[in-house]
Structure formats: C-alpha cells, structure tokens
Protein chains: 2
Amino acid sequence: MYPQPLRALIDELGRLPGIGPKSAQRMAFYLLRQPDEDARRLAGALVEMREQTSLCDVCCNVADRSGRCDTCSDTRRDTSVICVVEDPRDVVAVERSGAFRGTYHVLHGALSPLEGVGPDQLRIAELKSRLADGGVAEVIVCTNPNVEGDATAMYLSRELSGFGISMTRPASGLPVGGDLEFADDATLGRAFDGRRPLEG
Amino acid sequence: MYPQPLRALIDELGRLPGIGPKSAQRMAFYLLRQPDEDARRLAGALVEMREQTSLCDVCCNVADRSGRCDTCSDTRRDTSVICVVEDPRDVVAVERSGAFRGTYHVLHGALSPLEGVGPDQLRIAELKSRLADGGVAEVIVCTNPNVEGDATAMYLSRELSGFGISMTRPASGLPVGGDLEFADDATLGRAFDGRRPLEG
C-alpha cells in the first residue's frame with residue numbers, strides 16, 4: 001500500500017524495543033513530514049554513534065573512541081571492588097547514588113533462556129579475565145532484582161567461585177520485580193550499605 | 001555521563017512522536033548492542049525513504065519517485081469525487097473499507113492552533129488548485145472526527161464554498177473523539193454511505 005522505501009523504514013523502526021507496528025508507522029510518517037535535514041540528522045547521529053563509540057576495553061561500559069570509559073580512566077577509583085551491572089544505564093544510576101567508588105563491569109544484558117540470552121551473549125569472559133589478572137577483592141553483583149537478574153547473579157556466583165573472591169549482592173531495599181534504573185538514590189545507597197554474601 | 005555521540009542519538013530519537021527520554025535511551029542502547037549492519041540498515045532505510053519517496057503531484061499522498069501515487073495512477077478511479085483526509089494512513093483505512101472509488105487529497109495534518117498548525121501548513125492550496133481545474137462534483141471531508149478534524153472540515157467548507165461544489169462529511173458512526181485510522185471497515189463503510197452536506 002505504501003511505497004517500498006517507506007515500508008522498509010517502518011519495518012526497521014518496528015524492530016526497535018517497545019515499538020509496535022502502529023508506533024513505527026507514526027514515526028515513519030513523522031520523518032516523512034519533517035524537513036530533509038531533520039531526517040538526515042537522525043540517520044547521521046545513528047551512524048556517528050556506531051562509529052564514534054566503543055565498549056571500554058576494561059569494563060565493557062560505553063566509551064568514546066579512546067577505548068577506555070570515564071570510570072576506568074579515573075585513577076582515584078578503587079579497582080579492588082567491581083560492581084557488575086546489566087546495562088550502561090545502571091552505571092549512571094549507581095554513580096548518581098554516590099554509594100560506590102570502585103569500578104564497574106557491564107554485562108550488556110541478563111541471562112534469559114526465553115529470549116535466547118545465554119552466558120555467551122553476556123560480557124562474562126571479560127569479567128573472568130579481569131579477575132584472573134588479580135588485584136580484585138570483591139565483586140558486587142548488582143544485576144536487576146528480578147528473575148533474570150537473580151538468575152544471572154546465581155550463575156556468576158557459581159562460575160566465579162574458583163577465583164576465591166568475596167561476592168556480594170546489594171541488600172534488598174530495591175523493590176522486587178523492579179528495574180534498577182528507576183531506583184531512587186537513597187534506596188540504592190541503602191542497598192549498597194546492606195549488601196550480603198552471595199550463596200552459590 | 002554518556003559519550004557525546006550516544007547523547008546526540010538519544011536526543012534525536014527523543015524528538016520522534018510518542019518517544020520520551022526513557023524510550024529514546026532504551027532504543028539507543030539497543031542500537032548500540034546490535035550488530036553494525038543492523039544499525040546501518042535503519043540509518044540507510046531512513047535516508048532512502050527520504051530520497052526515494054515523494055508526495056503525489058495530484059493528491060499529496062506518499063508516492064514513489066515517479067511523482068504519482070497508486071490511486072492517481074489508476075484510470076478506473078472516479079476523479080469527480082475527492083475524499084480529503086489528514087494522513088496517508090487514513091487513505092489506507094478508507095481503501096480497506098472498500099466504500100470509496102474516487103480519488104483522495106491528503107492534507108498532512110489538521111488545523112491545530114495550539115500546536116502551531118495553521119492553514120498554510122496543510123496541503124490546502126493544492127486542493128484548491130485541483131478544484132479550480134474543474135471536473136470535481138463532490139468533496140468528502142473525511143478528517144478525523146475530533147476537535148481538530150471538525151475545525152478543519154469547517155474551515156474547508158467556508159474556504160471552498162466559492163467553487164460551488166457539493167461538500168459532505170461522512171456520517172457519524174465513527175466514534176467521537178476517536179482516530180480514523182483505528183475504525184473498523186463496517187463502521188467506515190456506514191459512515192461513507194450516510195454522509196451529509198456540510199454546513200459552512
């Protein structure tokens with residue numbers, strides 16, 4: 001019904017998370033109506049984001065082209081404690097709380113057999129290699145307090161037990177079934193203070 | 001907090017209709033995680049859509065590069081009746097109902113002083129020029145049955161009265177305050193059958 005290039009764009013937009021066919025159509029028609037430079041700016045921003053950002057060589061957080069993120073470039077951070085999170089947005093949330101002065105490790109997801117996410121899709125090999133390099137005393141597994149996050153924490157606790165490193169999980173205080181990203185600073189701070197050992 | 005190219009992409013995505021800051025972030029991080037070719041395909045589809053689609057010379061509906069949409073290229077359509085709609089998606093909805101065999105005119109919006117949409121932002125000049133060319137017996141003003149759509153219909157009725165052409169509006173049957181795009185075929189069909197003259 002629509003010209004092919006428009007249908008192709010609607011298809012591509014519909015692949016984005018949380019975007020259904022109706023939203024994809026609305027977005028595509030909006031982009032059709034906008035001035036040419038506005039549409040090109042979005043396409044350009046997308047290409048540039050892919051070209052100009054990389055994942056940090058150390059913690060896998062987003063970084064600019066230098067290959068080292070802000071936290072790992074900061075020499076004042078305590079490198080003996082690693083906070084493992086699912087997502088770069090979680091790093092921002094923890095930083096905002098001010099409860100943590102160590103370094104991070106970003107898994108880029110959580111185990112979810114239903115969605116086809118297994119250990120190989122997460123940045124676990126990179127974490128192991130950091131632990132193998134030595135100098136790490138504690139790993140705080142700060143995955144989301146929901147089913148996938150808990151399963152990932154359990155998996156890591158078993159998988160990393162060989163390193164003999166203290167593994168903890170932030171205390172409850174985070175609402176169960178919630179999303180770490182939306183926690184308020186006080187709650188996140190309490191959760192860090194009350195962290196307890198993780199049973200494998 | 002995030003590298004600049006990522007922030008730029010989040011900003012651009014956040015301009016899309018119905019996309020808030022959180023959704024824009026979720027989409028940007030999804031695009032960061034995807035394989036390079038997937039992200040490039042979206043950017044490419046957007047540029048191609050802009051380059052390969054145009055608005056129909058006659059009715060302002062979306063068309064491919066030829067400059068004439070499917071309906072206006074179809075010689076079996078009744079060119080003496082024009083159905084005026086707000087949006088290309090409304091053309092699809094009316095076509096699906098099978099209630100109409102004339103041609104269309106797409107305004108690309110409705111009058112909305114609050115959102116800064118006045119008559120000059122709509123494709124009204126193109127409609128007038130079609131009527132001035134002659135051969136049109138009836139204009140069916142099929143804008144959405146809500147405040148903006150009704151105001152647009154009233155405006156057109158006054159603005160086009162000089163042409164001495166019968167102007168109608170589809171009968172109620174469309175739920176008031178609703179969106180034409182979501183109407184079922186039977187309702188749309190009844191609405192077309194029961195159309196009544198528009199009072200200026």
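In the text below, chain A, chain B and the rest are named by the order of the sequence lines, each starting its count at 1.
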Among the clusters formed by ILVMFWY side chains lying less than 4.5 Å apart, do B:F163 and B:M154 turn up in the same one?
yes
Under a 4.5 Å heavy-atom cutoff, which of A:M27, A:Q52, A:E95 has the most pairs with chain B?
A:M27
What pair of heavy atoms forms the shortest contact from A:A63 to B:P3, and how long is it?
C-CG, 3.7 Å
Considering only heavy atoms and a distance below 4.5 Å, find which of B:R50, B:E48, B:E51, B:Q4 pairs most often with chain A.
B:R50
Establish whether A:V84 and A:V58 are linked, either directly or via other cluster members, by ILVMFWY side-chain heavy-atom contacts under 4.5 Å.
no
Considering heavy atoms only, which positions within residues 111-136 of chain A lie below 4.5 Å of chain B?
none
With a 4.5 angstrom heavy-atom cut-off, could you sort out which part of B:D87 is near chain A: side chain, backbone, both or neither?
side chain
Heavy-atom distance under 4.5 Å between the side chains of B:Y2 and A:V92, does that happen here?
yes
Going by residue number, which parts of residues 67-74 of chain A are within reach of chain B, meaning a heavy-atom gap below 4.5 Å?
A:D70
Looking at chain B, which one of A:V47, A:T53, A:D64 has the largest number of heavy-atom pairs inside 4.5 Å, strictly under?
A:T53
Residues of residues 28-45 of chain A with any heavy atom under 4.5 Å of a heavy atom in chain B
A:A28, A:F29, A:Y30, A:L31, A:L32, A:R33, A:Q34, A:P35, A:D36, A:D38, A:A39, A:R40, A:R41, A:L42, A:A43, A:A45
For residues 8-26 of chain B against chain A, heavy atoms under 4.5 Å, the residues are B:A8, B:L9, B:E12, B:L13, B:R15, B:L16, B:P17, B:G18, B:I19, B:K22, B:Q25, B:R26
